[in-house]
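The next block holds one structure in the form of structure tokens; read it before the comments.
Atoms within a ligand are numbered from 1 in the order they appear, just like the ligands themselves. What you are looking at is a predicted structure, and each value in this text was computed from that prediction instead of being measured. Computation of the quantities below employed the complete heavy-atom set of this structure, encompassing side-chain atoms and omitting hydrogens, waters and symmetry-equivalent molecules.
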Amino acid sequence: MAASMLYNPIGHKWMRIGKASLTLRRMNALMNTYARFPLTLVRGQGSKVWDDAGKAYLDFISGIAVNTLGHAHPQLVAAISEQVATMLHCSNLFHIPKQQQLAAKLATLSGLAEVFFSNSGAEANEGAIKLARKYFFDQGSDRRGIISATRSFHGRLLSTLTATGQDKVKHGFDPLPPGFGHVPLNDIDALRAAIRADTAAILLEPLQGEGGVNIAHPEYLQAVRKLCDEEGILLILDEIQTGMGRTGTMFAFEHAGIQPDILTLAKGLGGGVPIGALLATEKVAASFGPGTHGSTFGGNPLSCTAALTVIDVMEKESLLLNVAARGEQLLQGLLALSASFDWIDEVRGQGLLLGLACSLEVAPIITACRDAGLLVLAAGPDVIRILPPLNVSAADIDEALGVLEEVFTEVNQ
Ligand SMILES: *Cc1c(COP(=O)(O)O)cnc(C)c1O
């Protein structure tokens, strides 16, 4: 290898050192859809991850709410290893016992009746939109429209980016599918005014993740539920980020004491193995008969084993209690920090999905945290989002709060 070639850890390719070389231009075959951090993580254990130079970090991103049990949980490793050696994939043309078990478990936990498995969150939401439309079609009704919230995030498929309440994800992708509208979150009058004769469903995140850690107030969700019942339309809750215990209850809708007609899950469900789910009441689910919807990979034996194991560990290790206790510990720590730093405007969120709304750009703070060994995330330009694994320890929370205090003190100088 010529001396003028340098190993580029981002692209795993050799790049030539030219005049303007050290700007680390993109030199790999990946489409440039992510502005990646200059960091390569190669190993994880519990709440810790290590980079390719052997440096350890506290992982308070969890693959964006995916690594429910942290990294390399022994029971998850054993269960999926065994499943891989038994049967990795089986077409949905056949009965899959693990899929049936998982569907029954999710139905019991959610109070909904039937489940369709996808591979991702966006696919689960696409299925939810299709199901809502088909439900009204089957009744001979013209209702097709979907109303969602501004600042929401529902995924990157054409249907779901159209439902997303942020223009940046839509730019350049015209023509977008018709039938989508948006209203501000927590404004029941705006929602009531937006409902038309052709509205089929309201689609909401109980706690917006990507859009800035914005809570849909329980009273608002209760009023939305009531409005949907009065109007005869469906309530779809997108719990792709908030579901599976993230907010301290198995599903965030439990905080409001309501139930959706359709529920979507994904991120934390498989603990790192890709799987999404679309759940519905029996009456609504009846509109998905053979040939109406499908997925080659959705709900295969591997992903269902992973999800069953995640739920089993959550129950055995009482992780909902841990989320409540560690969430409170983290919240109190963040509130104490916000009292010391006047550029922290608000601490918000639920359970282990917390956000620090700041009156300055958070990107440099996130970089400084990373350098100091703590991985946290942004939710928009001015919110720091914190998402540790659900089995995070009290000591890890204390350590993270220590790093935040250290970094915030530097920001002040
Ligand atoms: C991440 C996310 C999605 C999209 O999930 P993908 O698996 O990336 O398709 C949809 N809705 C919400 C609330 C999310 O947080």
Side-chain angles (χ1 to χ4, degrees), residues 31 33-36 61-68 110 116-132 146-166 168-170 173 180 182 185 201-216 221 235-247 250-253 255 260 262-279 295 297-300 303 306-307 310 348-355 376-380 383 385-387 390:
M31 290 199 190
T33 52
Y34 281 86
R36 294 173 202 269
I61 296 177
S62 307
I64 316 188
V66 167
N67 299 103
T68 307
S110 66
F116 174 88
F117 291 108
S118 65
N119 310 289
S120 68
E123 278 178 61
N125 282 340
E126 163 89 8
I129 293 162
K130 281 181 67 178
L131 180 58
I146 309 289
I147 301 174
S148 52
T150 50
R151 295 191 293 178
S152 62
F153 182 79
H154 298 295
R156 301 287 190 159
L157 301 179
L158 277 174
S159 64
T160 61
L161 71 83
T162 307
T164 292
Q166 303 181 50
K168 65 181 184 191
V169 306
K170 307 180 196 207
F173 298 115
F180 291 86
H182 299 89
L185 192 67
I202 313 298
L203 166 60
L204 294 173
E205 295 157 270
L207 168 55
Q208 294 181 338
E210 304 303 311
V213 192
N214 310 307
I215 292 193
L221 289 175
L235 175 58
I236 306 173
L237 290 182
D238 175 347
E239 295 228 26
I240 287 162
Q241 189 155 160
T242 53
M244 307 317 294
R246 176 58 53 188
T247 69
M250 190 53 98
F251 306 106
F253 66 71
H255 296 293
I262 301 178
L263 172 69
T264 55
L265 304 172
K267 289 189 165 88
L269 180 57
V273 178
I275 181 169
L278 152 64
L279 292 84
S295 170
F297 293 117
N300 86 1
S303 61
V310 166
R348 59 190 186 221
Q350 273 172 322
L352 289 174
L353 171 40
L354 295 178
V376 290
L377 196 61
V383 178
R385 183 170 28 153
I386 307 179
L387 303 144
L390 304 192

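Under a 3.5 Å cut-off, the side chain of R151 and the backbone N or O of L185 do not form any donor-acceptor pair. Within the 3.5 Å criterion, the main-chain N or O of A252 finds a donor-acceptor partner in the side chain of E239.
Here the side chains of R246 and L387 are in contact, with some heavy-atom distance below 4.5 Å. With a 4.5 Å cut-off on side-chain heavy atoms, F253 and P260 count as touching.
Side-chain atoms of T247 and H255 include a donor-acceptor pair closer than 3.5 Å. Checking E205 against S152 by side-chain atom types alone, no donor-acceptor pair falls below 3.5 Å.
Ordered by chain and residue number, the residues placing a heavy atom less than 4.0 Å from ligand 1 are S120, G121, A122, N125, F153, H154, G155, E205, D238, I240, Q241, K267.
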